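Notes follow the structure.
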Number of protein chains: 2
Amino acid sequence: MAPMNIRENIRPGGRSARVQASVHKAVRGLLSTMDRSDVTIPLIATQAGVTPSTIYRRWGDLQELLADVAVERLRPDAPPKDTGSAHTDLAQWAEQYADEMASGPGRAMIRDVLASVGADTRNAGKCCGYTREQLQVIADRARERGEAFPDVETVIDTLVAPIMYRILFDDVAPTSEKVLALVECLMSPQR
Amino acid sequence: MAPMNIRENIRPGGRSARVQASVHKAVRGLLSTMDRSDVTIPLIATQAGVTPSTIYRRWGDLQELLADVAVERLRPDAPPKDTGSAHTDLAQWAEQYADEMASGPGRAMIRDVLASVGADTRNAGKCCGYTREQLQVIADRARERGEAFPDVETVIDTLVAPIMYRILFDDVAPTSEKVLALVECLMSPQR
DNA sequence: GGCCTAAAAGCAAATTATTTGCTTTAGTGG
DNA sequence: CCACTAAAGCAAATAATTTGCTTTTAGGCC
């Protein structure tokens, strides 16, 4: 009933860390090979060289585990590229964001993250947080350069939210033109 | 493996329709009583007076069934209220939409809908379709009155998407002021 | 280093959910 | 009214999940 929560502080070299790593790796491997509906906890356990009960006790159920893996994969590995101006920084970031999120694996990861209910793990919140951080980097860079740049929350409302909405509900990747138009609308002077 | 798909054409008075109705009713009843993680297919089957295998064969798994029920509950039961002007029509609709979607049951239903993968049932698409229809009614009314009104897709990008994004990823209901500000931005003359 | 402790993992039995082959029933069209 | 088909029931087989208990492991302390 009450699901597991995933501990935040795992000593880096310890057994917990090794188990977590091998389970995550097993999940990634299996998801890349087979249909998600065929991935089960006993299967993952076998792949990871771990007993199923370990996974049940640590993650609670498949959904939480998939969400945990997805959040990690959705974490950006680098700050947005510095292209010389805030406008092009944002445009480039947005195009990449839209592409990644609209891809098959991207969509699956978003679904996994949203489907997990875990009130304390706040998976969806983490993803949103990553996006905010990335946008903040662009915003800070703009300020250093003395360029005008809208509030990060405004960028989320105007640019990120529509991209995500289309992907989630319309099952459509916004075209590059559409994304650029949204960026334009955000960065154009009359704001 | 290959999940069930839910038939579109069920003869109204038939046995299928009765089974569907009693299963849906059982799901709604159970969801209102207990935690969603305690709701299982055997339980629903018992409540509905049906065998579990019937549910498995028709819906495939719990997720698909919950999504099926959720889509039905998310369908608006009436067109948006006619308040005399497009601006107020939209404001009123948006506030109600935000409230409903941000409520506990609303969020749960959205999650259920998004979590179901069923490529042919297109649950999320249906929800989005309902929203479009509602907005189109407001737009048509505006046109009849000779009022200016933005494109429905623009309304989705500017108003609906941010509301939904905040609910899904930030776990926050947009405040009434925020919603009204978005409406304002959409309906203000400089667009 | 060796011992103690707590946390996490393994194991296996019990429970519960899911799948499946076959039978029965209800609705439809001749 | 009878035959046919689609969906439901039933029950046995399989698979997943939970749980109590045992074992291992890493960290802290002499």
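In what follows, chains are A, B, ... by sequence order, proteins preceding strands, each numbered from 1. The model shown is predicted, which means the values in this text are computed figures rather than measured ones.
Every side chain to side chain donor-acceptor pair (under 3.5 Å) that Arg36(A) has, sequence neighbours left out, goes to Asp112(A). For Arg132(A), the salt bridge (Lys or Arg N to Asp or Glu O under 4.0 Å) test picks out Glu153(A), Asp170(B), with sequence neighbours left out. Listed by chain and number, the residues in a side chain to side chain contact (heavy atoms under 4.5 Å, CB included) with Asp61(B) are Gln63(B), Glu64(B) (sequence neighbours excluded). Remark: Arg28(B) engages His24(B), Lys25(B), Val69(B), Arg73(B) in a side chain to side chain contact (heavy atoms under 4.5 Å, CB included) (not counting sequence neighbours).
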What are the atom names and distances for every N/O pair under 3.5 Å that joins the protein to nucleotides 27-30 of chain C?
residue : atom : partner  : partner atom : Å
dG27(C) : OP1  : Arg18(B) : NH1          : 3.2
dG27(C) : OP1  : Arg18(B) : NH2          : 2.9
dT28(C) : OP1  : Arg11(B) : NE           : 3.2

Would you list the protein and nucleotides 11-14 of chain C atom pairs, both N or O, that sit under 3.5 Å from each other?
residue : atom : partner  : partner atom : Å
dC11(C) : N4   : Ser53(A) : OG           : 3.0

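Note: CD1 (Ile55(A)) to P (dA9(C)) measures 10 Å, nearest angstrom. For the pair Ile44(B) CD1 and dA17(C) P, the computed distance is 11 Å after rounding to whole Å. Trp59(B) has its CH2 atom 15 Å from the P atom of dT19(C), to the nearest Å. Whole-Å rounding puts the Leu62(B) CG to dT19(C) P distance at 12 Å. Between Gln20(A) atom CD and dA9(C) atom P the separation is 10 Å, expressed in whole Å.
Two residues, Leu43(A) and Thr54(B), neighbour DNA chain D, and the one matched to the more 5' nucleotide by heavy-atom proximity is Thr54(B). Residues Gly49(A) and Ile41(B) each lie close to DNA chain C; by heavy-atom proximity, the contact nearer the 5' end of the strand is made by Gly49(A).
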May I have the step-by-step check of side chain to side chain contact (heavy atoms under 4.5 Å, CB included) for Arg58(A) and Val19(A), ending in yes or no? CA-CA 10 Å; Arg58(A) 266 184 78 159; Val19(A) 167; 3.9 Å; yes
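In plain terms, the two heavy atoms of Met187(A) and Ala148(A) that are nearest each other are CE-O, 4.1 Å.
Listed pair Arg58(A) / dA9(C) meets the phosphate criterion, a side-chain N or O lying under 4.0 Å from OP1 or OP2.
For residues 86-98 of chain A, every residue pair satisfying the salt bridge (charged side-chain N to carboxylate O under 4.0 Å, His left out) rule, not counting sequence neighbours, is listed here: Asp89(A)-Arg141(A), Asp89(A)-Arg145(A). Annotation: ring pair (Phe, Tyr, Trp, His ring centres under 6.0 Å) contacts involving residues 108-151 of chain A, sequence neighbours excluded, are absent. Screening residues 94-124 of chain A for ring pair (Phe, Tyr, Trp, His ring centres under 6.0 Å) gives Trp93(A)-Tyr97(A) as the qualifying pairs, with residues at least two apart or on separate chains.
Looking at the side chain of Ser16(B), the nearest of the listed nucleotides dA17(C), dA7(D), dG10(C) is dA7(D).
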